[in-house]
Amino acid sequence: MLKSTNSPFPSKTKFSVWFFRSLTSFLSPKQNEAHLSLSHQHKQNYKKYYLFSFLNENPTNQRVSKQVHSHLITTASFSHSVRLFNAVLRCYAVSENPKDTIFLYQQIQTCASLKDLALGKQFHGVEIKMGFESHLYVQTVLVNMYVESGGLVECKKVFDEMPEKNSVTWNVMITGLAKQGDVEFGRFLFEKMPDRNIVSWSGMIDGYTRMNQHREALGLFRRMVADDGVDPSEKTFLAILPAVWNIGDVKICRLIHGYGEKRGFLVSDIRVMNSLIDTYAKCGCMGSALRFFDEISTDTKNLVSWTSLISGFAMHGMGKEAVESFEKMEQEGWKPNRVTFVSVLNACSHGCLVEEGLKFFKKMVNEYQILPDIKHYGCLVDMLGRTGRLEEAEKIALEIPSEISNEVVWRILLGACSFYGDVEMGERATEKIMELERGYGRDYVLMSNILVGAGRFADAQRLRRLMDERNAIKFAGSSLT
DNA sequence: TTAGGGTTAG
């Protein structure tokens, strides 16, 4: 058990700091200045103290405790007023209606979603003091709070010492660990878990996908379906499909698609269908992606469906098809968002449709009033650069507001300089990259190749040495499969 | 009733 000898309440100094903060958060900025007089603070302080004493003396007065509780929730100040909150907790604890306690702990969990480990520990202290140590639901929420806010040591401890666990407790642990990147311990618990359900399987599969262990994710999916006969849920599909396109085998995509269709899992959830469009496209099978897209009824399709299709065309260099889809999407009344524009601009750049691309960029800014972000600029630079319009590309790169500019844009330009053998611009681009990121070996290699191409062997060698001195990491081109 | 992911420049 965690240390419970100390008071669960914050120290006096700490409390006054919190209290001050809670006061300021109560008030709107305007009120803030006018009311920050000491007398006001005292008044608030007194009010809280009064409530606190009242609740302590009348723990069974449900009406008042509920009022205080709702006040704490609606003013969003309860995370600051732990002491008052404790008093409310105590009232709920002696309440005859245990639902109140559960409701209250849901609020704590909302609090835990702030991922505030220090505050969470405070509540753990309260929980121990109130004798909830063997309360299954409360303990489960505590485990969730710890694992969500990164308290891995604490969550394991609470979990281990729980006298009773149910499947939710196990799932909270497994999915939480997977999210935190500790798949190995998650897997250990998963294998030990007495009654695995679909949440456990999906959580575990998701954990492997997140950690780029796609084969492992796929193996688990196979085991779930074939050996254990567990039906996947829509969430399982959403977890497994990224593993499929990372492996890139369209046969696996078809297999899972067929399975989902046969069992009727795919017809209900547009998110799964969109993910499937994306997966087919990323597996290199644009035909299947398009066919599947066309099968989805018009009322079911949404903006993400269209965007997934367009981004698929983009990665296959099918600029014309992407542009046509974009127009059709607009005709059907969909309003493109920033992601749709990234996709269509990317399609224009891969399909060398410069004029169309520039038109889309203007349309985005003027007609849809979307502020371009760095990816939109990146597409533009790429589009101009790959068609040899290097001056224009550099001009755009220089016009990007410095708050959003990054090394990727200059790296794109450097790539174009390398292709067209523009040494001077390449050097300028390299200089910009080096201001932002010095540890990426490929930049040095690319620039030194440009220099070699121009016959400047000594400069190329100097750059290579600089790369070694700076310990820049050079990733060899390799296939993961 | 305490667990849960669709599209994004190189």
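Every chain is numbered from 1 and lettered A, B, ... according to where its sequence line falls, protein lines coming before strand lines.
Ring geometry for A:Y146 versus A:H124: interplanar angle over 60°, hence perpendicular rather than tilted (30 to 60°).
Between B:dG4, B:dG10, B:dT8, one nucleotide has an atom nearer to the side chain of A:V339 than all others, and that is B:dT8. Taking the side chain of A:N406 as heavy atoms from C-beta on, and the options B:dT8, B:dA9, B:dG5, the nearest nucleotide is B:dA9. Among the nucleotides B:dT7, B:dT2, B:dG10, the one closest to the side chain of A:S311 is B:dT7. Nearest nucleotide to the A:A239 side chain, out of B:dT2, B:dG5, B:dT8: B:dG5. Among the nucleotides B:dT8, B:dG10, B:dT2, the one closest to the side chain of A:N166 is B:dT2. Closest to the A:V408 side chain, of the nucleotides B:dT7, B:dG4, B:dG10, is B:dG10. For A:I374, whose side chain is taken as the heavy atoms from C-beta onward, the closest listed nucleotide among B:dA9, B:dT2, B:dT8 is B:dA9. Relative to the side chain of A:T140, the nucleotides B:dG4, B:dA9, B:dT2 differ in distance, and B:dT2 lies closest. For A:R411, the side-chain atoms get nearest to B:dG10 when compared with the rest of B:dT2, B:dG10, B:dG5. Side-chain proximity of A:S343 to B:dG5, B:dA9, B:dT8: nearest is B:dT8.
The nearest whole Å value for the distance from the CZ atom in A:F360 to the P atom in B:dT8 is 18 Å. The distance between atom CG of A:N171 and atom P of B:dT1, rounded to the nearest whole Å, is 18 Å. One interatomic measurement links the two molecules: CD1 of A:I310 to P of B:dT7, which rounds to 15 Å at whole-angstrom precision. Atom CE in A:M145 sits about 16 Å away from atom P in B:dT2, given to the nearest Å. To the nearest angstrom, P of B:dT7 lies 13 Å from CG of A:L276. The distance between atom CG of A:N246 and atom P of B:dG5, rounded to the nearest whole Å, is 19 Å. Rounded to an integer number of Å, the gap from CE of A:M447 to C1' of B:dG10 is 18 Å. For A:I433 and B:dG10, the CD1 to P distance is 15 Å, given to the nearest whole Å.
Nucleic acid contact class of A:L380 (heavy atoms, under 4.0 Å, all strands): none. Contacts of A:S308 with the nucleic acid, taken as non-hydrogen atoms under 4.0 Å apart, involve only primed sugar atoms and P, OP1 or OP2. A:D373 comes within contact range of no nucleotide atom at all, as no heavy-atom separation falls under 4.0 Å. As judged by a 4.0 angstrom heavy-atom cut-off over every strand, A:V168 is placed among the base-contacting residues. Here A:D278 lies in heavy-atom contact (under 4.0 Å) with sugar-phosphate atoms only. At a threshold of 4.0 angstrom between heavy atoms, the contacts of A:K282 are confined to the sugar-phosphate backbone, with no base atom among them.
With a glycosidic angle no more than 90° from 0, B:dG5 adopts the syn conformation.
Geometric assessment of A:R196 against the ring of A:F190 yields a positive cation-pi assignment under the 6.0 Å and 45° thresholds. A cation-pi geometry, defined here as NZ or CZ lying under 6.0 Å from the six-membered ring centre and within 45° of its normal, does not hold between A:K335 and A:Y368.
At B:dG4, one or more side-chain N or O atoms of A:K179 fall inside 4.0 Å of OP1 or OP2 (strictly under the cut-off). Listed pair A:H350 / B:dA9 fails the phosphate criterion, with no side-chain N or O lying under 4.0 Å from OP1 or OP2.
Side chains of A:R215 and A:Y208: no donor on one and acceptor on the other come within 3.5 Å. One side chain, A:S297 or A:T300, offers a donor N or O that lies under 3.5 Å from an acceptor on the other.
Aromatic pair A:Y280/A:W245: ring centres not closer than 6.0 Å.
Between the side chain of A:S275 and the base of B:dG5 there is no donor-acceptor pair of N/O atoms closer than 3.5 Å.
Residue pairs satisfying the salt bridge (Lys or Arg N to Asp or Glu O under 4.0 Å) criterion with at least one member in residues 167-183 of chain A, sequence neighbours excluded, are listed as follows: A:E148-A:K179, A:K156-A:D182.
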